[in-house]
Novice: 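Below are the structure tokens for one structure; questions will follow.
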Amino acid sequence: MEEKSIHKFSADFKLDTILETDIGNLYFYGNIVIFEGNEGIVLSYKSGFSILLKGLKILKSNPWILIPNRLNSYSIEPVDFKYLNNIPTLKAVAVVNYSKLAEMNSELESKFCKKPFKTFQNVPDAINWSKTYL
């Protein structure tokens, strides 16, 4: 039985793994990880550390890109980017926003992230930009 992605990407962009958690889902497309947080969560080192460890176990020592696809409204502790900054295999962050407020929040977060960081209005554009860092 062929696994179907909930995302509408081309056939050559294959979904490898879905990690369902209490704060949201992570979708592993090779070395690109799309995170879709649940409505109202607070994403922080404390709430996300165990998920990060599980994700790194899946990715092994391969370089990877994080794409937060902000379909829902949730909070982020921007100072906790210091932990992501210390992950050598994380090469860039491409945030997909669907509102002006979310875009403004991402601008603030970018000040705390030392990795290449850019915002987008759709996932395909975020993926295309991300591929330049792999």
Side-chain angles (χ1 to χ4, degrees):
M1 181 166 149
E2 182 180 322
E3 185 174 349
K4 300 268 185 202
S5 170
I6 65 160
H7 304 110
K8 306 291 186 226
F9 300 134
S10 66
D12 62 330
F13 197 67
K14 184 181 176 303
L15 178 63
D16 297 319
T17 304
I18 299 173
L19 180 58
E20 296 177 352
T21 75
D22 57 341
I23 64 170
N25 295 332
L26 290 113
Y27 302 89
F28 294 80
Y29 291 90
N31 295 33
I32 295 177
V33 180
I34 298 175
F35 172 71
E36 295 177 351
N38 294 336
E39 182 75 30
I41 65 154
V42 176
L43 185 57
S44 66
Y45 174 77
K46 184 177 179 180
S47 66
F49 183 70
S50 66
I51 297 162
L52 178 61
L53 289 178
K54 289 176 187 176
L56 290 173
K57 190 173 185 177
I58 291 168
L59 294 161
K60 300 181 170 79
S61 62
N62 297 312
W64 60 287
I65 305 296
L66 175 61
I67 300 178
N69 185 26
R70 297 198 175 147
L71 297 169
N72 298 309
S73 177
Y74 57 89
S75 301
I76 294 177
E77 294 290 335
V79 295
D80 285 352
F81 270 102
K82 64 186 173 194
Y83 300 107
L84 289 179
N85 292 335
N86 290 323
I87 299 172
T89 55
L90 175 60
K91 299 304 179 187
V93 178
V95 182
V96 180
N97 294 303
Y98 299 95
S99 73
K100 190 67 176 167
L101 178 60
E103 194 172 310
M104 290 169 41
N105 288 337
S106 291
E107 287 177 30
L108 171 67
E109 294 161 15
S110 72
K111 309 275 188 250
F112 294 89
C113 186
K114 305 275 190 250
K115 306 285 183 175
F117 187 105
K118 191 167 179 178
T119 62
F120 297 89
Q121 294 181 347
N122 62 68
V123 176
D125 286 349
I127 290 169
N128 287 336
W129 176 82
S130 298
K131 287 179 179 179
T132 64
Y133 291 94
L134 291 175

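The figures here come from the full heavy-atom set of this structure, side chains too, leaving out hydrogens, waters and symmetry mates. In this chain, residues are counted from 1 in sequence order.
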Novice: Can you hop from Met104 to Leu71 via hydrophobic side chains spaced under 4.5 Å?
Specialist: no

Novice: Between atom CD1 of Ile41 and atom CD1 of Ile76, what is the distance when rounded to the nearest 0.5 Å?
Specialist: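 If I round to the nearest 0.5 Å, the distance is 8.0 Å.
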
Novice: Is there a continuous path of hydrophobic side-chain contacts, each under 4.5 Å between heavy atoms, that joins Phe120 to Leu66?
Specialist: no

Novice: Step through it carefully: locate the ring centre of Tyr29, locate the ring centre of His7, and say whether they are under 6.0 Å apart.
Specialist: yes

Novice: Can you see which heavy atom on Cys113 is nearest to which on Val93, and at what distance?
Specialist: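 Taking every non-hydrogen atom into account, SG-CG2, 4.1 Å.
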
Novice: If you take all heavy atoms of Leu108 and Phe112, which pair is closest and at what distance?
Specialist: O-CD1, 3.4 Å

Novice: Honestly curious: do Ile65 and Leu90 fall in one hydrophobic cluster under the side-chain, below-4.5 Å linking rule?
Specialist: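 Different hydrophobic clusters.
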
Novice: Show the nearest heavy-atom pair for residues Phe117 and Trp129, with the distance to one decimal.
Specialist: N-CH2, 4.0 Å

Novice: Check whether any side-chain heavy atom of Ser106 sits under 4.5 Å from a side-chain heavy atom of Glu109, and report yes or no.
Specialist: yes

Novice: Could you tell me whether the side chain of Leu15 reaches within less than 4.5 Å of the side chain of Phe9, counting heavy atoms only?
Specialist: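 Phe9 vs Leu15: side chains apart.
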
Novice: Determine whether a donor-acceptor pair (N or O, by modelled atom type, separation under 3.5 Å) exists between the side chain of Lys46 and the backbone of Leu43.
Specialist: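 No, because the side chain of Lys46 does not come within donor-acceptor range (under 3.5 Å) of the backbone of Leu43.
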
Novice: What distance do Ile18 atom CD1 and Ile34 atom CD1 have between them, rounded to the nearest 0.5 Å?
Specialist: 11.0 Å

Novice: For Arg70 and Ala102, work out which heavy atoms get closest and say how close.
Specialist: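 So the minimum-distance heavy-atom pair works out to NH1-O, 4.4 Å.
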
Novice: Quick one: does Leu52's side chain get under 4.5 Å of Tyr83's, heavy atoms only?
Specialist: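 Leu52 vs Tyr83: side chains apart.
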
Novice: I'd like to know if Tyr45 and Val79 are part of one continuous hydrophobic network [Ile/Leu/Val/Met/Phe/Trp/Tyr, side-chain heavy atoms within less than 4.5 Å].
Specialist: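 They do not share one cluster, since no chain of ILVMFWY contacts under 4.5 Å joins Val79 to Tyr45.
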
Novice: In the structure I gave you, are the side-chain heavy atoms of Pro68 and Tyr74 within less than 4.5 Å of one another anywhere?
Specialist: yes

Novice: Specify the closest pair of heavy atoms between Leu19 and Gly55, including all atoms of both residues, with the distance to one decimal.
Specialist: CD2-N, 4.2 Å

Novice: About how many Å separate NZ of Lys91 and OG1 of Thr89, when rounded to the nearest 0.5 Å?
Specialist: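 Separation between the atoms: 7.0 Å.
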
Novice: If I take atom CD1 from residue Ile51 and atom CD1 from residue Ile23, how far apart are they, to the nearest 0.5 angstrom?
Specialist: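 The distance works out to 3.5 Å.
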
Novice: What pairs with Glu36 under salt bridge (charged side-chain N to carboxylate O under 4.0 Å, His left out), at least two apart in sequence or on another chain?
Specialist: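 Not a single residue meets the salt bridge (charged side-chain N to carboxylate O under 4.0 Å, His left out) criterion with Glu36.
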
Novice: Hey, are Tyr98 and Asn69 close enough side-chain-wise for a donor-acceptor pair under 3.5 Å?
Specialist: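 Yes, because at least one side-chain N or O of Asn69 sits under 3.5 Å from a partner of the opposite role on Tyr98.
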
Novice: So which heavy atom on Leu59 is nearest to which on Gly30, and how close?
Specialist: CD2-O, 3.9 Å

Novice: Do the non-hydrogen side-chain atoms of Ile127 and Ile67 ever get within less than 4.5 Å of each other?
Specialist: yes

Novice: With a 4.5 Å cut-off on side-chain heavy atoms, are Ile32 and Leu134 touching?
Specialist: yes

Novice: Spell out, as yes or no, whether a donor-acceptor pair under 3.5 Å connects the side chain of Asp80 to the backbone of Ser44.
Specialist: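 It does not hold such a pair.
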
Novice: Which value, rounded to the nearest 0.5 Å, describes the distance between Asp22 atom CG and Asn38 atom CG?
Specialist: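 So the CG of Asp22 and the CG of Asn38 are separated by 8.0 Å.
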
Novice: Is it the case that one hydrophobic cluster holds both Tyr27 and Phe35, taking links as side-chain heavy atoms less than 4.5 Å apart, direct or via other members?
Specialist: no

Novice: Checking Asn72 side chain against Gly37 main chain: does a donor-acceptor pair fall under 3.5 Å?
Specialist: yes

Novice: For residues Tyr133 and Lys115, determine if any side-chain heavy atom of one lies less than 4.5 Å from a side-chain heavy atom of the other.
Specialist: no

Novice: Starting at CG of Leu53, measure out to CD1 of Ile58 and round the result to the nearest 0.5 Å.
Specialist: 11.5 Å

Novice: Around Glu39, counting heavy atoms of other residues, nucleotides and ligands shown, do more than 12 lie under 6.0 Å from its CD?
Specialist: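 Above 12, so yes.
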
